[in-house]
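In what follows, a single structure is set out as structure tokens and then discussed.
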Number of protein chains: 2
Amino acid sequence: MLKEERHQLILEKLNTDKKVNLVDISQLLNVSYDSIRRDIIELEDKGLLKKVHGGAIANSYLSMKASKGLGIANSEIMGIAKKAHKLIENHQTIIMDGGTTNFYIAEQLPKNLEATIITNNPHLAISLSEHPKIDVILLGGTFYKRYQISIGIETSTALEHINADLYFMGINSISANNGAAIRNYEESLMKRRMMQSARRTIVGVVEEKINIQETYKVCEFSQISCLISSLSPSDELLKDFHGQGVEIL
Amino acid sequence: MLKEERHQLILEKLNTDKKVNLVDISQLLNVSYDSIRRDIIELEDKGLLKKVHGGAIANSYLSMKASKGLGIANSEIMGIAKKAHKLIENHQTIIMDGGTTNFYIAEQLPKNLEATIITNNPHLAISLSEHPKIDVILLGGTFYKRYQISIGIETSTALEHINADLYFMGINSISANNGAAIRNYEESLMKRRMMQSARRTIVGVVEEKINIQETYKVCEFSQISCLISSLSPSDELLKDFHGQGVEIL
DNA sequence: AAAATTATTGCAAAATATTGCAAAACATTT
DNA sequence: AAATGTTTTGCAATATTTTGCAATAATTTT
């Protein structure tokens, strides 16, 4: 079994399961624990996954890239995308940043929608090439391989002169008390800047990100205009989120 | 067993299995390990597979290209890329814009090269995620779907503060008398701006672009520092290009 | 805090890669 | 057909990479 072969298999498993266990994989592929451990280190160096105690977890960009190729979209995310599309009207200007959810919201936009999309996510820009009536503005800056978006002073400066209608913000966690938070500091600053440049901030999240808490807080929950999930607004999981003036879809 | 025959078989096996093991193949085809090893090296030089420790794996972009029927130009471009890499030193800052040739020059850069690459081509930024030691700066602006690059005042402004070592300029045509030219006006302005931001401008072209003339002139031939093609510098086709102080590779 | 699991490190064995060289095969010219 | 030059091939010596192991450290769980 070639090393590169193992690498591919690990990444594939990561795509479907979102996480891998070191011991499991080593038994599955019938190689020593150490080899797999070193594989994981190498792959992390390439920014293709995130190493955690006991194994590794998927990187948003990777799942994006993989699902793009495979054309498989998670049905939960598709539901979120559908709801998001209802908030968009013709001729609006929309800011979108990184993350799998945003990628699908963009990719699945109606083909006849006329809009301008501003993004720091090159995958999204490329994908929107298939939408003839959507103008795309790509925000430049230092490209963060791990998150597959550009971040930095340049990105920020460009936003200063923009007044968008909507901002679809991708996040890693949200809770009613602690607001929205993510894993990267620079990115959290960027997101605050983006909020300032749009009238309404909309957050789409998959269930597993609800009621958990990541390191860097972006904003209070009440500062968000609208929260979209795959759940029914009356779902038990969402009960704390009501009553703060945020639309729940 | 002919060499070409072996090459075919290796590529076929690669197509079905996505990977080949050096030892296995050599036993299967009943030739020495060394011959297969050299086959793999040759095929890699043509950009038809990716050599790894112990064997080779299929080349993702190539299968992509092959399915589109574009496979032929590939080995020509690989040759240009190889020549281009010799001009690059560690720790340089390099501007690269759009075009297939530039894409391959970037993608095939040595994995251990330390450099900063500035580009308005998001495909290139994404591809360079696989190069851990290369920093990428993405230039923002209006995204031109047709050419898959960003162009505009913003892009231009960002370049004002940049002094790069090299600029790899993609073009549609070049001739000794009429210089370099392309098909899009906005892009031609952009390229002139990029030339100003780099010490040396390098042009890599496939044979079919030599001695033809496109609509929008970017610069005189003599303003280029170096011209790279797949031909030998002494080739008949290139005879007019000598004597203008431009390095021909 | 102890136990259990997982990580890290250094090391030696195994596998693979590289290089130079000479024989063999092939093609080309006399 | 002989002589010549080129390409291909296999071999051997050497270098590099990968691998598994064992001892030790760090982390998570109990």
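Chain letters run A, B, ... following the sequence lines, proteins first, then strands; residues in each count from 1.
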Tell me every residue that passes salt bridge (Lys or Arg N to Asp or Glu O under 4.0 Å) with B:K50, counting only those two or more places apart in sequence or in another chain.
none
Would you please name every residue forming a salt bridge (Lys or Arg N to Asp or Glu O under 4.0 Å) with A:E154, sequence neighbours left out?
none
Between which nucleotides of DNA chain C, 5' to 3', does chain A make heavy-atom contacts below 4.0 Å?
C:dT6 to C:dT9
Taking salt bridge (Lys or Arg N to Asp or Glu O under 4.0 Å) as the test, write out the residues that go with B:K19, two or more places apart.
A:E5
Look at the side chain of B:N90 and the backbone N and O of B:E114, then say whether any donor-acceptor pair between them is shorter than 3.5 Å.
yes
When you compare the protein's N or O atoms with those of nucleotides 16-26 of chain D, which come within less than 3.5 Å of each other, and at what distance?
{"from": "D:dT17", "atom 1": "O3'", "to": "B:H53", "atom 2": "ND1", "distance (Å)": "3.4"}
{"from": "D:dT18", "atom 1": "OP1", "to": "A:K3", "atom 2": "NZ", "distance (Å)": "2.9"}
{"from": "D:dT19", "atom 1": "OP1", "to": "A:R6", "atom 2": "NH1", "distance (Å)": "2.8"}
{"from": "D:dT19", "atom 1": "OP2", "to": "A:R6", "atom 2": "NH2", "distance (Å)": "3.0"}
{"from": "D:dG20", "atom 1": "OP2", "to": "A:S32", "atom 2": "N", "distance (Å)": "3.2"}
{"from": "D:dG20", "atom 1": "OP2", "to": "A:S32", "atom 2": "OG", "distance (Å)": "2.7"}
{"from": "D:dG20", "atom 1": "OP2", "to": "A:S35", "atom 2": "OG", "distance (Å)": "2.4"}
{"from": "D:dG20", "atom 1": "N7", "to": "A:R38", "atom 2": "NH2", "distance (Å)": "2.6"}
{"from": "D:dG20", "atom 1": "O6", "to": "A:R38", "atom 2": "NH1", "distance (Å)": "3.3"}
{"from": "D:dC21", "atom 1": "N4", "to": "A:D34", "atom 2": "OD2", "distance (Å)": "3.2"}

Using the C1' atoms of the five pairs at each end, what is the angle between the end axes of the helix from C:dA1-D:dT30 to C:dT30-D:dA1, to 10°?
40°
Identify, with sequence neighbours excluded, every residue that meets ring pair (Phe, Tyr, Trp, His ring centres under 6.0 Å) alongside A:Y185.
A:Y216
Of all residues at least two apart in sequence or in a different chain, which pass the side-chain contact (heavy atoms from CB on, under 4.5 Å) check with B:D135?
B:T116
Residues two or more places apart in sequence or in another chain: which of them pass side-chain hydrogen bond (donor to acceptor under 3.5 Å, both in side chains) with B:E247?
B:R200
Residue set satisfying salt bridge (Lys or Arg N to Asp or Glu O under 4.0 Å) with A:D24, at least two apart, ordered chain then number -> none
B:K3: which residues meet the side-chain hydrogen bond (donor to acceptor under 3.5 Å, both in side chains) condition with it, sequence neighbours left out?
B:E42
List in chain and number order the residues that pass side-chain hydrogen bond (donor to acceptor under 3.5 Å, both in side chains) with B:K209, two or more places apart in sequence or in another chain; answer none if no residue qualifies.
none
